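Notes follow once the structure below has been shown.
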Amino acid sequence: MRQSLADFESAFVEDLELERERAEHQRRQAVVRTKRRHIEHQQRRGTVRYTLLVLGLLATAVLVTIAMFQTLYIVMG
């Protein structure tokens, strides 16, 4: 009886340790996933901002060119 109780106790302690290790591993994986998602979100947002900047610059260049030629046409006309 005593040995079976001691076996039960040692098995319980081992299960507790395994459960703690498993929980810690899952927590670490969750942290890594969260960091990875945050980095991906930042990269996506940066790409969108860069694209908008380039499109804004191109639109400005086109509008300035059109305005310049219209002004030249009016002055020379």
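Since we're looking at a predicted model, the values are computed, not measured.
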Contacts of Arg36 that satisfy side-chain hydrogen bond (donor to acceptor under 3.5 Å, both in side chains) - sequence neighbours left out: none
With side chains defined as the heavy atoms from C-beta onward, is the minimum distance between His41 and Arg44 less than 4.5 Å? yes
Pair listing, side-chain hydrogen bond (donor to acceptor under 3.5 Å, both in side chains) test, anchored in residues 11-22, at least two apart: Glu19-Arg22
Report the hydrophobic cluster partners of Leu16, with the cluster defined as I, L, V, M, F, W, Y residues connected by side-chain heavy atoms closer than 4.5 angstrom, directly or transitively. Phe12
Going by side-chain heavy atoms closer than 4.5 Å, which hydrophobic residues are tied to Ile39, directly or by a chain of links? none
Hydrophobic clusters here meaning ILVMFWY residues chained together by side-chain heavy-atom distances under 4.5 Å, can you tell me if Met68 and Leu72 are in one? yes
Applying side-chain hydrogen bond (donor to acceptor under 3.5 Å, both in side chains) as the test, list every pair that has at least one member in residues 47-69; sequence neighbours left out. none
Without placing hydrogens or testing angles, list every side-chain donor-acceptor pair under 3.5 Å for residues 25-33, not counting sequence neighbours.
unit_1: His25; atom_1: NE2; unit_2: Gln29; atom_2: NE2; d: 3.1
unit_1: Arg27; atom_1: NH2; unit_2: Glu24; atom_2: OE2; d: 2.8

